[in-house]
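Below: the structure, in structure tokens.
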Amino acid sequence: MAKQYWLFKSEPEAYSIDDLAKEPGQTCHWDGIRNYQARNTLRDKIKVGDGVLFYHSVKKPMAVVGVCEVVREGYPDHTQFDANSKYYDPKSDPDDPRWYMVDIKLVEKFLRPVTLEEIKETEALFDMFLCRKGARLSVQPVTASEWKVIRRLGKRKPE
DNA sequence: GCCAACGTTGGC
DNA sequence: GCCAACGTTGGC
């Protein structure tokens, strides 16, 4: 299958790209996703080798801050069975897990963040899922052309 | 801090 | 299966 592209949102105060950069192997589990549409994407669609845009939400600057690669495809999110986790889901059956995650590895942190503001001003990115009204989905598809444009913007040297 | 837009839950 | 109530997300 052709390489696919995705955008993962995270609030940087919960988990930022710098946190990922400090992980052993710069790899992490993308756990804690508790939305069925996002779950289906994690479980069924995302494949090893796919590209991921790492997006910081809520805290300014809201922006795509780097690029990751999927290193392990959908498997059950262990935090759903951990009563001490804030992602604990007592209704999930271990024999039929409700929630899934993937593992991603940092490829590069951008030289500069590609802000939401800038994305909204870039014609080639007008149709991005991120720009749609009420697009709260935290795991969303990105097209190959959007991917290229964002990467190019991120590689541009800071002013 | 506000609130619109969604998603989920649970009573009926 | 409907839908009101509630909770959350996330930009402003």
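Here the structure is a predicted model, which means the values were calculated and not measured.
The stretch residues 22-32 of chain A participates, sequence neighbours left out, in these side-chain hydrogen bond (donor to acceptor under 3.5 Å, both in side chains) pairs: A/Y15-A/E23, A/H29-A/Y75, A/H29-A/D103. Note on residues 90-102 of chain A: pairs passing salt bridge (charged side-chain N to carboxylate O under 4.0 Å, His left out), not counting sequence neighbours, are A/D89-A/R98. Annotation: side-chain hydrogen bond (donor to acceptor under 3.5 Å, both in side chains) contacts involving residues 115-127 of chain A, sequence neighbours excluded, comprise A/R112-A/E118.
Here A/R151 pairs with A/E108 under the salt bridge (Lys or Arg N to Asp or Glu O under 4.0 Å) rule; sequence neighbours left out.
Clustering of Ile, Leu, Val, Met, Phe, Trp and Tyr by side-chain heavy atoms under 4.5 Å joins A/F129 with A/L137.
DNA chain B is contacted by both A/K91 and A/Q37; A/Q37 maps to the nucleotide lying nearer its 5′ end (nearest heavy atom per residue).
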Polar pairs (N or O, both sides) under 3.5 Å between protein and nucleotides 7-12 of chain C?
from	atom 1	to	atom 2	distance (Å)
C/dT8	O2	A/R136	NH1	2.6
C/dT9	O2	A/R136	NH1	3.4
C/dG10	OP1	A/K9	NZ	2.8
C/dG10	OP1	A/R136	O	2.3
C/dG11	OP1	A/Y55	OH	3.0
C/dG11	OP2	A/V58	N	3.1
C/dC12	OP1	A/K120	NZ	2.9

